[in-house]
Undergrad: 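Can you keep this structure in mind? I'll have questions shortly.
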There are 2 protein chains.
Amino acid sequence: MARKPADQSVNREAILLAAADVLRQNGYEATTMKDIAARVGLTAASLYHHFKSKDFLLLSVLEIGLEHAIARLEPLLHATDLPCSERLRRMIATHIIEVADNTAVGAAMVFEIRSLMNAKLSPRNGLTEADYAEFIERREAFFRRRDVFEGLFKQIIRQGINSGEFRPVDAGIVTKAMMGAQNWVGVWYKPTGRLSGPQVAEIMADTFIHSLLNATPQPAPRQETSHI
Amino acid sequence: MARKPADQSVNREAILLAAADVLRQNGYEATTMKDIAARVGLTAASLYHHFKSKDFLLLSVLEIGLEHAIARLEPLLHATDLPCSERLRRMIATHIIEVADNTAVGAAMVFEIRSLMNAKLSPRNGLTEADYAEFIERREAFFRRRDVFEGLFKQIIRQGINSGEFRPVDAGIVTKAMMGAQNWVGVWYKPTGRLSGPQVAEIMADTFIHSLLNATPQPAPRQETSHI
DNA sequence: GCTATAATCGAACGGCGATTTAATTCTATC
DNA sequence: GATAGAATTAAATCGCCGTTCGATTATAGC
């Protein structure tokens, strides 16, 4: 009957951050409400004051992560004073730095989407009809936004191809390759590793830009051709 | 007390294939022994005749998938009559075709490694001390083999750089990018999609090869530089 | 201070899933 | 055709997890 004497009021955002972190380590199914609650000094029951269910909590985590990522990338896409290659380079680098910096949200984006799709909820159980409808709606909105996110990269690639700056490639597949490489960073990157986040970002961005440029670029590339 | 009149004797391999398939759809934690058993017309209890535990089952799935992949790639690495670019191209394409063809094993490789690491087993519970030791040992062997797999790609990149065929890049990071892009195929690829597995494989392989080649390649690239 | 509301808690409920057990059926071999 | 071992099963165990509920405490506005 007693209650924790600690400071009250853990806000929604703190819970979401903690959840993202636990989720990255354990995955949705293996993560218990107790785990998440413990990270913010609460009990599992308390979480239900902030979120309707575990599914809604996962959904919220993914939503803020995705919106954050889109918000950072969109301005870069529209920096029309820069050539496509430079815009794309910055987009890739920006996102990778973000993923390396906050692997929680990044990795969650990779791994937990399947859990979201398989979310086994039905109007029965506790959930209200309205709650069920809300979940379905928000989940579909999320997938639409994910397509938007991917579209940011696809757009700039197409633009570069049309302007002749990039060689003609299948923009869809190249985009998928980028997504995979970028997402994967959240899985293997460790802050204690050989390279920093920005360093990794630069190398990867360079790799993809190089794969898109024509064989005869305008500015001479600074590079030795041969060395033992 | 009765028993299924169906054909008896479901062999180990059939179970592993079924498990890989269910695993890809649901993930390790969300997959029940009952799910796997149902795919091969058995009950959950029957699986324990073939595997010591769910953890061992997962481990076995990953082991065969990885060995299969390595076996297909190793010959290509050692085809020294071909230039590095061609060898790498074939390695990438081969693996992507494999992943697209058998998304089960491919996706499992991506997703379930975390479950493997977090496998919450201890000598207590049912597990024997010996069983526990065996699991730990096999798991570490698996991770070593995974490094070998990744090393196949890293090696050929380094070789190409040393021979001057590839431009100097950070082989480690480029390899990670390849791993991410390749693994990701198992997540988004659908046989009913716009492109076939081999088509996807060719485009992706081309993308990465292009990112490695020097600006002045020996054979003239066949490509229009500009088009409206 | 009083009251409404927000935030939290302990405890209990209900279900499900991994695993065990003991029994049953198949299959091959002698 | 008896027997041993392999393969399978139903049923029970045991623990955990999501969720609910009623009660308790903090906080803010009056």
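Within every chain, numbering begins at 1; the chains are lettered A, B, ... in the order of the sequence lines, protein sequences first and strands thereafter.
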Undergrad: Return no unless some side-chain N or O of T43(A) is found under 4.0 Å from OP1 or OP2 of dT8(C).
TA: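 It does not, given that no N or O in the side chain of T43(A) lies less than 4.0 Å from OP1 or OP2 of dT8(C).
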Undergrad: Would you kindly give the CG-to-P distance between D55(A) and dT19(D), to the nearest whole Å?
TA: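 Taking CG of D55(A) and P of dT19(D), I get 7 Å after rounding.
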Undergrad: Using every non-hydrogen atom in the two residues, find where T31(A) and K54(A) come nearest and quote the distance to one decimal.
TA: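 Minimum heavy-atom contact is O-NZ, 2.8 Å.
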Undergrad: Reckon H50(A) has a side-chain N or O less than 4.0 Å from the OP1 or OP2 of dA6(C)?
TA: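 So the side chain of H50(A) is outside the cut-off, no N or O lying under 4.0 Å from OP1 or OP2 of dA6(C).
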Undergrad: Polar atoms only, N or O, under 3.5 Å: list the protein pairs with nucleotides 15-18 of chain D and their distances.
TA:
unit_1: dG18(D); atom_1: OP1; unit_2: T31(A); atom_2: O; d: 3.2
unit_1: dG18(D); atom_1: OP1; unit_2: K54(A); atom_2: NZ; d: 2.8
unit_1: dG18(D); atom_1: OP2; unit_2: M33(A); atom_2: N; d: 2.9

Undergrad: Between dT21(C), dT8(D), dC9(C), spot the one nearest the side chain of A45(A), thanks.
TA: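 Selected nucleotide (nearest to the side chain): dC9(C).
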Undergrad: Could you state the CG-P distance from L47(A) to dT8(C), rounded to the nearest angstrom?
TA: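 Nearest whole value for this atom pair: 9 Å.
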Undergrad: How close or far is atom C1' of dT25(D) from atom CG of L42(A), stated in whole angstroms?
TA: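 So the CG-C1' distance, L42(A) to dT25(D), works out to 14 Å.
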Undergrad: Measuring only between side-chain heavy atoms, which start at C-beta, is Y28(A) closer than 4.5 Å to D55(A)?
TA: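 Yes, close enough: below the 4.5 Å cut-off.
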Undergrad: Is there a donor-acceptor pair closer than 3.5 Å between any side-chain N or O of R139(B) and the backbone N or O of M117(B)?
TA: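 Yes; judged by distance alone, with no hydrogens or angles, the pair exists.
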Undergrad: What is the separation between atom CD1 on I36(B) and atom C1' on dG17(C), rounded to the nearest whole Å?
TA: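 Taking atom C1' of dG17(C) as the reference, CD1 of I36(B) is at 12 Å.
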Undergrad: With a 4.5 Å heavy-atom cut-off, do H78(A) and R87(A) have their side chains touching?
TA: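 No. Closest side-chain heavy atoms not under 4.5 Å.
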Undergrad: Using whole Å, report how far CZ of F56(A) lies from C1' of dT19(D).
TA: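 So the two atoms are 14 Å apart, to the nearest Å.
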Undergrad: Where is the tightest heavy-atom contact between H95(A) and Q182(A), given as atom of each residue plus distance?
TA: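 The pair with the smallest heavy-atom distance is ND1-OE1, 3.2 Å.
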Undergrad: Quick check on dA7(C): is either OP1 or OP2 less than 4.0 Å from any side-chain nitrogen or oxygen of H49(A)?
TA: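 For H49(A), the contact criterion (side-chain N or O under 4.0 Å from OP1 or OP2 of dA7(C)) is met.
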Undergrad: Minimum heavy-atom separation for S196(B) and Y189(B), please, with both atom names.
TA: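 Residues S196(B) and Y189(B), closest heavy atoms: C-OH, 3.7 Å.
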Undergrad: Whole angstrom is fine here: how far is it from CD1 in I15(B) over to C1' in dA7(D)?
TA: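 Those two atoms, CD1 and C1', are 10 Å apart.
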Undergrad: Only counting residues at least two apart or in another chain, list the ones meeting salt bridge (Lys or Arg N to Asp or Glu O under 4.0 Å) with K34(B).
TA: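 Once residues adjacent in sequence are excluded, K34(B) has no partner under the salt bridge (Lys or Arg N to Asp or Glu O under 4.0 Å) criterion.
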Undergrad: Quick check against the 3.5 Å criterion: does R89(A) have a side-chain atom that pairs as donor or acceptor with the backbone of A205(A)?
TA: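 Flag not set: sc R89(A) to bb A205(A) has no pair under 3.5 Å.
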Undergrad: Determine whether E150(B) and M178(B) make a side-chain contact, defined as any pair of heavy atoms from C-beta on separated by less than 4.5 Å.
TA: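 Counting from C-beta outward, E150(B) and M178(B) never come under 4.5 Å.
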Undergrad: Report the end-to-end axis angle of the helix from dG1(C)-dC30(D) to dC30(C)-dG1(D); each axis comes from five terminal pairs, and the value is rounded to 10°.
TA: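 End-to-end axis angle: 10°.
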